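Source: prediction; values computed, not measured.
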Amino acid sequence: MIFDFLGPRKKAVIAMAHIGALPGTPLYDADGGMMKLIDDVVGDIEKLQKGGVHAIMFGNENDRPYQFEAPIASVAAMTAIISAVRPMLSVPFGVNYLWDPAASVAIAVATGASFAREIFTGVFASDMGVWSPNAAEALRLRRNLHRPDLKLLFNINAEFASSLDSRSIGLRARSAIFSSLADAILVSGPLTGQPAQASDLREVREAIGSEVPLFANTGVRLENVGDVLSIADGCVIGTHFKVDGSTWNRVDGGRVSRFMDKVATLV
């Protein structure tokens, strides 16, 4: 079992529900407003659930260029959108506010999510500048908000960034569990939609064993999911489920169904 909230399955597929650009960000559609953001994510959720995904994670990938600290307006808007669509959810859900661990935890608690994903540990040189997240703040917030059951998924090699830590990825993963209480370890590729290196997945798997789940965080496709799930306990899928495989498009239900049919043959 990966997590109790995912049921008695050996492998898990978490699908991204990418919310459109939030109010106050450069790409926000002021004419469509909040109702368009809600309507668009409703359409994606319907297709993802019909296709059989095991869980859904809400993310603000459209809020480019990204910030390390979430503005109050964005936290409020994302919380409102998730709360509006929550009644239609039939699978567990999680939250990821890019790139703010505390905001991710706060939104997850406010909406009743089962998990939150973020970059919680490390130091990185990134498109956004030098990046040094604060895991202690996020975990203390989880404690103070009385949600010890909220699972925190640690993405340990950030997209759009390069680690300034000279330690191996396996050692960084092992250390995140020991020092920062990671509930799961996620391994990413260099950009959204690009796969993690198989060698990185294998190294992390060897380093952490079965102590916590291991997920491939980016770039998993129909063509490589068998290889990925032979190493990892699950994967997070965003780009591959979109129309034409483009991150910024809406979800393609056919892609979801074909992918999940393939996964069913592997587990």
Side-chain angles (χ1 to χ4, degrees), residues 1-19 40-61 78-79 81-98 101 104-105 107-118 120 142 147-155 182-188 192-193 196 212-222 225 228-229 231-242 247 250-253 255-264 266-267:
M1 183 179 296
I2 303 168
F3 291 124
D4 290 343
F5 65 80
L6 288 172
R9 57 177 47 89
K10 295 180 179 179
K11 305 289 182 179
V13 175
I14 299 173
M16 293 302 304
H18 289 148
I19 299 170
D40 283 349
V41 80
V42 163
D44 283 355
I45 291 169
E46 289 175 343
K47 293 170 185 175
L48 292 170
Q49 292 188 152
K50 183 177 180 180
V53 302
H54 304 136
I56 288 173
M57 179 156 53
F58 295 96
N60 65 320
E61 270 78 359
M78 191 165 175
T79 302
I81 292 165
I82 297 171
S83 298
V85 304
R86 183 180 175 183
M88 71 177 292
L89 292 170
S90 60
V91 298
F93 73 96
V95 170
N96 183 197
Y97 187 98
L98 305 173
S104 297
V105 169
I107 297 169
V109 171
T111 58
S114 297
F115 60 96
R117 176 190 69 176
E118 242 313 312
F120 289 96
R142 178 178 68 172
R147 279 296 309 274
D149 61 307
L150 178 70
K151 300 300 184 183
L152 300 183
L153 283 52
F154 281 47
N155 184 8
D183 293 312
I185 297 294
L186 279 58
V187 178
S188 301
T192 297
V212 302
L214 169 63
F215 282 76
N217 192 51
T218 61
V220 182
R221 304 183 295 270
L222 187 66
V225 65
V228 169
L229 293 185
I231 305 169
D233 299 298
C235 55
V236 180
I237 309 290
T239 297
H240 183 69
F241 284 167
K242 301 300 188 68
T247 304
R250 304 318 311 175
V251 168
D252 180 332
R255 280 177 169 260
V256 180
S257 296
R258 289 190 293 273
F259 184 91
M260 295 308 299
D261 286 347
K262 177 65 177 292
V263 169
L266 302 173
V267 298

For [X] and [Y], which heavy atoms make the closest approach, and how far apart are they?
X: V41; Y: A17; value: CG2-CB, 3.9 Å
X: A84; Y: P87; value: O-CD, 3.5 Å
X: K47; Y: V256; value: O-CG1, 4.1 Å
X: V95; Y: A108; value: CG2-CA, 3.9 Å
X: S257; Y: G51; value: OG-CA, 3.8 Å
X: T218; Y: G193; value: CB-N, 4.2 Å

Side-chain donor/acceptor of [X] to backbone N/O of [Y], under 3.5 Å:
X: H54; Y: V13; value: yes
X: R258; Y: L222; value: no
X: D233; Y: L214; value: yes
X: D44; Y: V251; value: yes
X: R255; Y: K242; value: yes
X: N96; Y: G59; value: no
X: K11; Y: L229; value: yes
X: S104; Y: Y97; value: yes

If the plane angle is over 60° it's perpendicular, under 30° parallel, otherwise tilted; pick one for F58 and F93. perpendicular
Aromatic ring pairing F259/F241, orientation class (parallel under 30°, perpendicular over 60°, tilted between): perpendicular
Evaluate the criterion side-chain contact (heavy atoms from CB on, under 4.5 Å) for residue pair V220 and H240; output intermediate values, then yes/no. CA-CA 7 Å; V220 182; H240 183 69; over 6 Å; no
So, do [X] and [Y] sit near enough that their side-chain heavy atoms are less than 4.5 Å apart?
X: I107; Y: T79; result: yes
X: R86; Y: T111; result: no
X: I56; Y: Q49; result: yes

Would you say the side chains of T239 and T247 form a donor-acceptor pair under 3.5 Å? yes
K151 bridged to D149 by N-O distance under 4.0 Å: no
Give a yes or no on whether a salt bridge exists between E61 and R117, defined as a side-chain N under 4.0 angstrom from a carboxylate O. yes
Between atom [atom1] of [X] and atom [atom2] of [Y], what is the distance when rounded to the nearest 0.5 Å?
X: T192; Y: H18; atom1: OG1; atom2: NE2; value: 7.0 Å
X: I14; Y: I2; atom1: CD1; atom2: CD1; value: 8.0 Å
X: I45; Y: M88; atom1: CD1; atom2: CE; value: 5.0 Å
X: R147; Y: R142; atom1: CZ; atom2: CZ; value: 9.5 Å
X: M57; Y: S114; atom1: CE; atom2: OG; value: 12.0 Å

